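Have a look at the structure below, then the notes.
Just so you know, these numbers use all the heavy atoms, side chains as well, and skip hydrogens, waters and symmetry mates. Just so it is clear, the structure is predicted and the values come from calculations on it, not from any experiment.
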Amino acid sequence: MSSKQPPRADIAAPPVSAAVAILEFGRLLQEEDQRHNANRNPSHLPETEEKLIAQLSSEKSSLLKSVFNFNVGKPIDPLALRVLALVSYLQLCTNRLTIVISDVAKAVASGEPAKMIEARRTITQLLIAKQLVLRDHTSNCIELGNPMLDLLAGGKEATPLEITERELWRRWQKEKAAEAKRKAKASFEHLPTAKQLATKLAEQVIGLDEQVRTFACRIALHQRRAALIRAGNDPGSPNEALLFVGPSGCGKTWLAEVAGRACGLPFGAISSTDLTCEGYVGLSVDDAIKQVIVAANNDVETARFGIAFFDEWDKKRVSGWETGSRDVAGASVQQGVLRLIEGCEFQTGGRRGSYDWYPTTINTRGMCFIFAGAYIGLDELLGKLGAHGIGFGNRQDGSRQQQFLYEALQDYGMIPEFINRLSGVLVFPSPTVPQLVQIARRAVIPSYCKLLAASGADIQIADDGIQLMAECALESKTFARGIKTVVARVIEDVVYEERKGSIQFGTAEVARAIEAAGMGSVGARTE
C-alpha cells in the first residue's frame, strides 16, 4: 500500500511574490510576441494583467508604489506595467544582449499601430522617471533602472540582481574602510605607552634622556590620534609638528628615524636645501610627502600616518623681503607646509618629465611633521632678548624661556604662521665626551663589526683609541658623524686587503685615521 497521500484541495498554494508575478507576466508577454500571427491569442493577457494589478495594489510597499507611481486615487498604468514586466523578464531571465525599444513597444501593443504609439510614449515617460535607462548611452536600447532592480531584488538593502563594475568597486572600498575601522579599534589597546616607547628609544639614543621623554610622549599621542582617525572618530586635535634645534651630528635625524622603526611608522626624510616654491626650479614640499609614500611601499593609507622629516630647515629662513621680491626659496616654502600641517587633501606627483608621472592624492590629516636644523646664531639672538643660551640644561622659567625662543626664531627668519603651528620645540645639546664614547661603543663600532663579520673579520678598538676619537669629534664639532668617519678610516685597510680573523686597533691607528680624515693633528696626545 502506497504511503503517498493525494493533495488536499482545501490547502491553497503558497502566495507568489510581487517580483515573481511581474517576471511571470513578462514571460507571457514574450511568449505571445514570439508566436506566429495565426496562433496568437492575446485575450488571456488582460485577465492575468488584472490579477497582477490587484496584487500589486494590495501590497504595502513604498518602493513598489514609487516604481509604478500609484496611490489611492491613481491606479497602476497597465501599459507601464507591461513594459516594465517585459523588460524585467528579457534582462534577467533570457540571454538577450540588447533590448530594443521598438521590439518592446511592438510586444506590449500586440502589433497594433495605435497602441505602439502609446507604448513608445510610455517608454519615454519611464526613461524620464529613471525606471528605465538607455544602455551604453545609445538611443534605441534600454534596460531597467535602479528602482526596478531594487524592487525585484527585495529592497535596497538586499543583494542586487545586477551590479556594475563601478558599484562593485564602491562596495569593496566601503567594506575595506569598515574593516580598517574594526582593526583600528582593536589595535588601539595594543599601542605602546609613552614610557614603553621612551625605554625602547633610550636603548639606541644616547645622552638625550629629556628629549627622548618629550618625543616619546608626542609619538604616543600621534599613534593614538592615527588610531582614532582610522576608526572614524577624529579627535580634532592638530597634527604633531615639532621643531628640532641642535648642531649637526647631535642626533636629531637619528631620534626620529629610530622612533619610526620602533613604532612601525613610514619615515621619509628630505633635505630642505633644494626646496622651492611650487612652479619653480627645484624640489617642492610634495616631494617630502612622496618620500613618506615610498617608505610605505606606495600604500597611501599607511603613509598618511607616517613621519615627514624636513632636514636643514633653518636654510628656509626669510630672505629678500626688504627688496620687495618674492622669496621663492624661503618664506614661500614655509607657507607651503602650513596646509600640510593643518591637514588637507594633497596631490603629489603628476609632473611631466618626472618619474612619478601619475598623481597620487593623500590626506595629510594624521601625519607627523618634524623640522630640523642647526640654527647657527640662534644663541646670539636669545642673548639679545635676555635669555642665557638654549638647551634643557638652562633652568630658568619655562614659559619665559619658550617666549624668548619663539621670538628668537621669528628674528631668525621663521614666519609667525609657521611658529604658531608648532606643537613643540626640542633643543638638542652638543654631546659630551663620555656620551660620544658610548655612541662609539654601543652604536657605531657594533654596526661596522656586524658588517665585517659577514666577510670573516672581527675588529676591536682599544679604549684609549675610542676616547681619542671622541675627544677629536667634540673639538671638531662633528660629534656622531665624526665618530663614523674615524671608524670608517680605521677599517679601510681591512676592507681593501680583505683581512680575516681577529684584528686589534690601538691608539696609533686611530690617530692616523683622525689625521687622514682631516679632523686635526693628534700627535702630541699619543706621545
Side-chain angles (χ1 to χ4, degrees), residues 192 194-216 219 244 246-265 267 269 307 309 311 370 372 391-393 426-492 494-495 502-507 509-511 513-514 517 519 522 525:
K195 186 177 292 185
Q196 293 172 340
L197 186 56
T199 303
K200 190 177 295 186
L201 295 179
E203 295 174 357
Q204 301 184 58
V205 180
I206 301 167
L208 297 173
D209 295 339
E210 195 159 353
Q211 289 83 348
V212 165
R213 182 182 184 276
T214 302
F215 189 57
I219 291 297
F244 287 2
S248 177
C250 66
K252 301 186 297 295
T253 307
W254 178 246
L255 175 59
E257 188 175 350
V258 169
R261 286 202 303 266
C263 299
L265 301 174
F267 176 82
I307 300 175
F309 189 88
D311 202 5
I370 300 176
F392 286 103
L426 272 68
V427 182
F428 289 67
S430 301
T432 61
V433 171
Q435 290 171 351
L436 289 173
V437 169
Q438 291 298 315
I439 290 173
R441 287 177 176 169
R442 292 170 50 184
V444 180
I445 296 177
S447 65
Y448 279 105
C449 287
K450 187 182 295 184
L451 185 62
L452 294 175
S455 58
D458 180 22
I459 63 169
Q460 295 180 3
I461 301 177
D463 292 342
D464 293 341
I466 296 177
Q467 180 74 18
L468 181 61
M469 70 173 68
E471 293 174 357
C472 289
L474 182 61
E475 289 182 3
S476 61
K477 295 185 179 181
T478 53
F479 307 124
R481 289 192 177 94
I483 297 289
K484 292 181 181 179
T485 302
V486 174
V487 174
R489 281 286 185 174
V490 167
I491 66 172
E492 192 172 287
V494 177
V495 177
S502 180
I503 305 168
Q504 302 283 339
F505 293 102
T507 308
E509 289 85 352
V510 173
I514 291 173
M519 294 173 59
V522 293
R525 298 187 184 187

> Who passes side chain to side chain donor-acceptor pair (under 3.5 Å) against Glu509, sequence neighbours left out?
Replying inline: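 With sequence neighbours excluded, Glu509 shows a side chain to side chain donor-acceptor pair (under 3.5 Å) to no residue whatsoever.
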If you round to the nearest 0.5 Å, how far is [atom2] of [Y] from [atom1] of [X]?
X      : Y      : atom1 : atom2 : result
Ser476 : Met519 : OG    : CE    : 3.5 Å
Ile514 : Leu468 : CD1   : CG    : 4.0 Å
Leu436 : Cys472 : CG    : SG    : 11.0 Å
Asp209 : Thr214 : CG    : OG1   : 11.0 Å
Leu426 : Leu208 : CG    : CG    : 9.5 Å

Under the side chain to side chain contact (heavy atoms under 4.5 Å, CB included) test, residues paired with [X] that sit two or more places apart:
X      : result
Thr432 : Pro434, Gln435
Ala480 : Ile439
Pro446 : none
Arg261 : Gln204, Trp254, Glu257, Val258

> Side chains of Met469 and Ile461: closer than 4.5 Å at any heavy-atom pair?
Replying inline: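 Of all side-chain heavy-atom pairs linking Ile461 with Met469, at least one is under 4.5 Å.
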> Heavy atoms, side chains only, cut-off 4.5 Å: are Cys250 and Ser430 in contact?
Replying inline: no
> Can you list the residues that meet the ring pair (Phe, Tyr, Trp, His ring centres under 6.0 Å) rule with Phe479, with sequence neighbours excluded?
Replying inline: none
> Mind checking what makes ring pair (Phe, Tyr, Trp, His ring centres under 6.0 Å) contact with Phe215, not counting sequence neighbours?
Replying inline: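 Result, ring pair (Phe, Tyr, Trp, His ring centres under 6.0 Å) vs Phe215: Phe244.
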Kindly list each side-chain donor-acceptor pair under 3.5 angstrom involving residues 481-491, sequence neighbours excluded, with atom names and distances?
| unit_1 | atom_1 | unit_2 | atom_2 | d |
| --- | --- | --- | --- | --- |
| Arg481 | NH1 | Ser248 | OG | 2.8 |
| Thr485 | OG1 | Arg481 | O | 2.9 |

>> Can you pull out every side chain to side chain donor-acceptor pair (under 3.5 Å) where at least one residue sits in residues 450-466? Sequence neighbours excluded, please.
In response: Arg441-Asp463, Gln460-Gln504
> Can you check side-chain contact (heavy atoms from CB on, under 4.5 Å) on Leu452 and Ile503, steps first, answer last?
Replying inline: CA-CA 11 Å; Leu452 294 175; Ile503 305 168; over 6 Å; no
>> Using a 3.5 Å distance criterion without hydrogens, assess whether the side chain of Ser447 forms a donor-acceptor pair with backbone atoms of Val444.
In response: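 Indeed, once roles are kept as given, a pair shorter than 3.5 Å links the two residues.
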> Can you check whether Pro247's main-chain N or O pairs, donor with acceptor, with Lys252's side chain at less than 3.5 Å?
Replying inline: yes
>> Go through it in stages, so that I can follow the logic: the residues are Phe505 and Val494, the test is side-chain contact (heavy atoms from CB on, under 4.5 Å), and I'd like the CA-CA distance, side-chain angles, deciding distance and then a yes or no.
In response: CA-CA 11 Å; Phe505 293 102; Val494 177; 3.5 Å; yes
